[in-house]
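For reference, the structure is listed below as structure tokens.
The structure presented is a predicted model; accordingly, all values stated were derived computationally and were not measured. Quick note on labels: first sequence line is chain A, next is B, and so on, each numbered from 1.
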2 protein chains.
Amino acid sequence: MSDMTFNHKECGSCPIRHRAVCARCDVDELEELDAIKYYRSYEAGQPIVWSGDRMDFVASVVTGVASLSQAMEDGRTQMVGLLLPSDFLGRPGRDAAPYDVVAVSNLTLCCFRRKPFEQMMLRTPHVSQRLLEMTLDELDAAREWMLILGRKTAREKIASLLAIIARREASLELTTAGDGMDFELPLTREAMADYLGLTLETVSRQISALKRDGVITLEGKRKVVIPDYDRLQIETGDDTDGGLMI
Amino acid sequence: MSDMTFNHKECGSCPIRHRAVCARCDVDELEELDAIKYYRSYEAGQPIVWSGDRMDFVASVVTGVASLSQAMEDGRTQMVGLLLPSDFLGRPGRDAAPYDVVAVSNLTLCCFRRKPFEQMMLRTPHVSQRLLEMTLDELDAAREWMLILGRKTAREKIASLLAIIARREASLELTTAGDGMDFELPLTREAMADYLGLTLETVSRQISALKRDGVITLEGKRKVVIPDYDRLQIETGDDTDGGLMI
DNA sequence: CGCAATTCTTGATCTGAGTCAATGCACCAG
DNA sequence: CTGGTGCATTGACTCAGATCAAGAATTGCG
């Protein structure tokens with residue numbers, strides 16, 4: 001489990017850190033959650049749960065990236081959720097995992113045993129309130145994603161994905177997201193293809209095209225530099241009112 | 001407002017009828033909800049709210065069909081939600097509508113003023129609990145839809161949509177969904193195209209193809225007969241374990 | 001009833017993305 | 001340094017679905 005040395009302080013104001021459930025929680029809940037909390041790490045590529053498995057925990061992503069995906073028997077797969085640090089995994093009140101969950105990169109989860117977590121939820125309305133908020137956010141993300149999958153061209157899809165990741169990185173690092181953003185791509189070309197409903201060859205070609213056209217710069221295969229975020233935003237095909245509306 | 005003569009009885013066990021929020025509500029809530037309840041009707045094609053509009057109500061669909069959709073400036077649009085009778089519209093705690101909501105067919109909503117509804121929610125944990133349940137269901141539906149949009153062929157998309165509607169119809173009418181299902185398509189070809197990320201021509205062609213291959217029968221343009229649900233299920237490309245897992 | 005307006009179907013052609021296949025590039029182990 | 005293994009890139013070709021363009025069927029209305 002590597003050099004995990006988390007404690008309250010590092011976790012922020014609440015054991016379910018990173019804005020996940022916290023914000024309004026008080027000390028009692030902190031201590032109560034602490035009692036049912038444990039950390040877990042996974043290697044890149046390692047499965048966390050398979051669709052249909054019983055899940056006896058809920059969790060918050062501490063570091064790394066995980067994906068939710070659905071597979072068809074013939075091998076076609078579609079990613080339906082991407083969990084970055086601060087995102088929440090699991091569904092209180094539901095036993096079975098509806099998707100395959102896989103660690104895309106090395107990953108650390110902050111887990112809570114599900115039953116006690118649910119019991120706490122029942123007693124603390126603002127926690128359920130927060131869970132509803134988070135679920136609505138996920139729903140919004142899924143629906144933005146549906147527009148991407150259904151109506152955007154391959155180039156727009158890639159631009160949209162890069163913009164989404166760039167925004168997330170910026171919001172976590174509290175960087176002013178003016179221009180000159182850069183980040184490490186947490187996904188392989190194949191994972192990006194699964195995210196966007198493309199093939200990995202098309203992903204590779206479109207990334208090359210965006211590079212050729214000066215929209216992005218690559219350092220190595222994974223490090224992306226975005227010299228002009230507004231330019232990237234235009235390539236997404238979305239409303240051009242730009243800005244980070246998180 | 002046509003011949004609306006709803007009352008508690010007709011609405012089922014709860015004013016937010018059709019399993020929407022009800023199930024576990026008690027008489028106090030019934031009466032409380034009644035005080036803030038009103039019905040509204042819309043003509044086919046009529047907009048209900050535009051993306052960004054302030055929404056001062058939440059509602060449950062009584063009859064008819066409504067769609068949630070997202071539009072790009074250049075006219076491309078993607079439907080991101082389809083509301084059939086018993087579905088819930090609106091998001092407690094959020095002011096602005098995130099999508100365009102349009103009445104696809106003639107539509108009746110059972111509305112509740114948002115503020116009092118939210119206040120009631122805060123006081124009655126099991127109602128928020130139920131809201132969370134419903135939101136998770138919507139999320140699951142959105143993610144199933146993402147697989148359809150990202151990875152299925154046009155033929156599989158049409159079959160999937162027909163299967164989804166057939167299932168819904170069956171579950172509402174409490175029909176045994178063995179074989180010989182039939183229903184009126186609540187969507188135009190164009191709306192189906194917006195749902196599935198296709199063009200209306202492709203929708204038309206694939207429906208014709210399914211008819212030619214005996215998977216479905218058409219009576220007129222809108223009435224669909226499904227002689228063998230399992231056969232349709234196979235055409236969807238999904239797990240062939242068939243059955244209605246609602 | 002007849003005429004216009006929708007909505008749907010079908011055909012011909014074009015094209016963006018998929019498929020198949022080769023090659024390139026890092027990084028690691030022996 | 002050398003062969004191997006896992007990503008990534010690039011090219012040549014194909015094809016599913018989009019686009020453009022007529023018509024046909026339904027519906028509605030004066």
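For the pair A:Asp194 and A:Arg76, the salt-bridge criterion is not met [side-chain N within less than 4.0 Å of a carboxylate O]. Residues B:Glu144 and B:Lys152 are not paired through a salt bridge, judged by the lack of any N-O separation under 4.0 Å between the basic side chain and the carboxylate. Taking a cutoff of 4.0 Å between a charged side-chain nitrogen and a carboxylate oxygen, A:Glu201 and A:Arg205 do not qualify as a salt bridge. For the pair A:Asp74 and B:Arg151, the salt-bridge criterion is not met [side-chain N within less than 4.0 Å of a carboxylate O].
If you measure from atom CD1 of B:Ile207 to atom C1' of C:dT7, you get 12 Å, rounded to the nearest angstrom. Distance B:Lys223 NZ to D:dT26 C1': 17 Å, rounded to the nearest Å. Spacing between atom NZ of B:Lys211 and atom P of C:dT9 amounts to 7 Å, rounded to whole angstrom units. Taking atom CG of residue A:Leu200 and atom P of nucleotide D:dG6, one finds them 15 Å apart after rounding to whole Å. Distance CG (B:Asp74) to P (D:dT19): 10 Å, rounded to an integer number of Å. A straight line from CG of B:Leu185 to P of C:dT7 spans 15 Å, rounded to a whole angstrom. Nucleotide D:dA16 holds its P atom 14 Å from the NZ atom of B:Lys157, rounded to whole Å. Protein atom CD of B:Glu190 is 14 Å distant from nucleotide atom P of C:dT9, rounded to whole Å.
A:Thr188 comes within contact range of the sugar-phosphate backbone alone, with a heavy-atom separation under 4.0 Å but no base atom that close. Among the protein residues, A:Ser208 comes within range of the sugar-phosphate backbone only, with heavy atoms under 4.0 Å from sugar or phosphate atoms but none that close to a base.
In terms of position on DNA chain D, the residue among B:Lys221 and A:Arg189 whose nearest nucleotide sits closer to the 5' end is A:Arg189.
Below 30°, between 30° and 60°, or above 60°: for A:Phe57 and A:Tyr38 the angle between ring planes is above 60°, a perpendicular geometry.
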Practice task
Could you run through nucleotides 11-19 of chain C and give me one letter per nucleotide, 5' to 3': B if any protein heavy atom sits under 4.0 Å from the base, S if only the sugar-phosphate is that close, - if neither?
Solution key: BB----SSB
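With no hydrogens or angles considered, no side-chain donor-acceptor pair links B:Ser69 and B:Thr77 at under 3.5 Å.
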With a 3.5 Å cut-off and sequence neighbours excluded, list the donor-acceptor pairs that the side chains of residues 207-219 of chain A form with protein atoms.
| residue | atom | partner | partner atom | Å |
| --- | --- | --- | --- | --- |
| A:Ser208 | OG | A:Ser204 | O | 3.0 |
| A:Asp213 | OD2 | A:Arg155 | NH2 | 2.1 |

